[in-house]
2 protein chains.
Amino acid sequence: MGIAERKEREKQDIKDLILLKAKEILIKEGQDGLSIRKLATEIEYSPATIYLYFQDKDEILYQMMNMGFEKMAQSMTHVYALEDPLKRIYEIGRLYIEFGLHEWEWYHLMFNSASPMNHIERCKAEWGPGIAMYDYLAACCQEAFLQQGKTDRDPKIAALHLWSAAHGLVTLAVTNRFCVVEDHAHQEAVRNHLIEDTLKHIMISLFDYKI
Amino acid sequence: MGIAERKEREKQDIKDLILLKAKEILIKEGQDGLSIRKLATEIEYSPATIYLYFQDKDEILYQMMNMGFEKMAQSMTHVYALEDPLKRIYEIGRLYIEFGLHEWEWYHLMFNSASPMNHIERCKAEWGPGIAMYDYLAACCQEAFLQQGKTDRDPKIAALHLWSAAHGLVTLAVTNRFCVVEDHAHQEAVRNHLIEDTLKHIMISLFDYKI
DNA sequence: TGATTTAATAAACACTGTTTAGTATATTTG
DNA sequence: CAAATATACTAAACAGTGTTTATTAAATCA
């Protein structure tokens with residue numbers, strides 16, 4: 001039965017086409033600019049057709065979130081090769097913040113938006129890539145603590161610390177809340193200084209590690 | 001001319017009525033559940049009438065944001081009386097996180113949503129209450145540094161540190177991202193532990209202050 | 001009382017996500 | 001090969017959204 005297989009392929013092709021165009025719209029116009037109807041006209045199908053390939057918009061945004069995690073992982077490929085777990089942790093933090101600031105539309109889906117999480121909840125599924133990222137960071141922390149002989153510290157709590165510090169920085173910056181800094185001329189400089197400073201603080205505070 | 005004054009009063013009354021009902025809807029159904037049309041039927045006027053009192057939805061959400069700041073300030077009244085600036089800072093942090101977790105709909109408008117900031121940008125206005133909050137925190141940090149003789153440290157950067165750590169914690173928790181913690185049974189306990197731990201870490205890291 | 005200003009709205013515009021019923025086309029079966 | 005069935009697709013509708021415009025009714029002024 002080659003027909004069933006060809007149909008399966010064709011089905012996947014259209015799914016891919018939808019996600020490809022969704023990606024283009026997301027990059028150009030953000031999550032708010034990504035509507036089912038715009039997506040439909042873009043791929044030259046009717047809006048109803050999209051619902052033959054995805055349950056709802058949340059599922060599409062869920063898939064986009066997964067693409068975002070792949071994108072982030074790609075930007076971190078060189079990290080995995082680093083021997084020193086402390087340098088690995090620092091680089092993860094630095095690249096995480098970098099990614100959040102420069103690829104906000106992806107970051108927003110991954111760590112801020114409710115839609116992809118709604119899909120996960122509805123499907124009673126797990127937040128796979130998020131857990132994987134967290135587990136890797138926690139593993140790095142454990143390795144660092146082990147190497148330093150700090151047996152009393154919890155690597156999972158340490159990972160959450162690092163993560164939420166970076167996340168807070170990214171989200172406040174992107175949603176324009178750092179406008180509180182009165183020195184408008186040097187606002188950009190303050191932000192960059194804060195990025196470095198946050199990482200330094202965290203590294204010292206968690207690992208007594210001076211950069 | 002008592003008529004002009006009466007009309008002014010009536011105009012303000014309807015504005016207040018709109019904001020009062022908007023507040024009720026916000027609390028019950030969140031920002032997503034707050035629509036102009038629902039608000040209109042609730043106050044028994046047509047949707048178009050609302051546009052005679054507010055430029056657009058962003059302005060209403062901007063006013064709600066201001067109400068949120070008042071609410072937060074009220075929850076912090078006892079802080080201002082504390083003599084020790086370090087205890088003041090700790091309490092601000094603790095109450096800030098508490099507020100974010102328990103009054104998320106307000107917090108979201110204040111520190112996460114784009115709508116109120118869009119209104120500010122359109123009016124070329126400043127983020128008044130946000131700046132006030134930040135300035136107060138920075139002043140507390142400066143007082144603490146001064147008391148400790150730490151003249152080399154920047155209180156403004158310190159305030160941003162504390163703020164973004166607390167903000168990261170709140171937003172990751174509320175948007176359900178802490179589901180990464182595999183220990184589902186003790187997830188709540190982990191979260192509470194993290195809140196305490198974050199504050200402790202920040203206090204030590206910024207002020208060498210052990211709680 | 002007549003002219004004018006003000007307040008309110010019905011209806012429309014341009015969107016949004018999603019569902020349903022119906023129509024061609026492709027595939028399978030007799 | 002023809003009839004029956006299954007598949008792919010869509011037009012249209014449903015129930016919303018924020019916002020604008022033209023019109024009407026009421027209050028105020030001259």
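These numbers come from the heavy atoms of this one structure, side chains and all, not from hydrogens, waters or symmetry mates.
Per the geometry, CD1 belonging to A:Ile50 stands 13 Å off C1' belonging to C:dT16, to the nearest Å. Between the OH atom of B:Tyr51 and the C1' atom of D:dA22 there is a distance of 18 Å, given to the nearest Å. Regarding A:His119, its NE2 atom lies at a distance of 17 Å from the P atom of C:dG17, rounded to whole Å. When rounded to the nearest whole Å, the span between NZ of B:Lys15 and P of C:dA7 equals 13 Å. Per the geometry, CD1 belonging to B:Ile14 stands 12 Å off C1' belonging to C:dT6, to the nearest Å. With rounding to whole Å, B:Glu10 atom CD is found 20 Å from C:dT5 atom P. Rounded to an integer number of Å, the gap from CG of A:Leu61 to P of C:dT16 is 14 Å. If you take CG of A:Asp32 and P of C:dC15, they are 16 Å apart, rounded to a whole angstrom.
Judged by distance alone, with hydrogens and angles left aside, A:Arg37 brings a side-chain donor or acceptor within reach of the base of C:dG17, the pair sitting under 3.5 Å.
Phosphate contact (OP1/OP2 of D:dT10, side-chain N/O of A:Thr49, threshold under 4.0 Å): present. Residue B:Tyr53 has a polar side-chain atom (N or O) positioned under 4.0 Å from OP1 or OP2 of C:dA8. In this structure, A:Tyr45 reaches the D:dC9 phosphate: one of its side-chain N or O atoms is under 4.0 Å from OP1 or OP2.
Of the candidates B:Tyr90, B:Tyr134, B:Phe111, B:Phe69, B:Tyr96 forms a ring-ring contact (aromatic ring centres under 6.0 Å, His included) with just one, namely B:Phe111.
Looking at A:Ser205 and B:His201, their side chains do bring a donor and an acceptor atom within 3.5 Å of each other. Side-chain polar atoms of B:Asp183 and B:Gln187 form no donor-acceptor pair below 3.5 angstrom.
Residue contacts for B:Ile60: at a heavy-atom cut-off of 4.0 Å it reaches no nucleic acid atom on any strand shown.
A:Trp104 and A:Tyr107 have parallel rings, their planes meeting at less than 30° on a 0 to 90° scale where 60° marks the start of perpendicular.
Taking the centre and axis of the six-membered ring of B:Phe99, the NZ or CZ atom of B:Lys71 falls outside the cone set by 45° and 6.0 Å.
Distances were taken from every side-chain heavy atom of A:Ser46 (C-beta onward) to each of C:dT19, D:dG18, D:dA11; the shortest belongs to D:dA11.
Along DNA chain C, the nucleotide closest to A:Ser35 and the one closest to A:Ala48 are compared, and the more 5′ of them pairs with A:Ser35.
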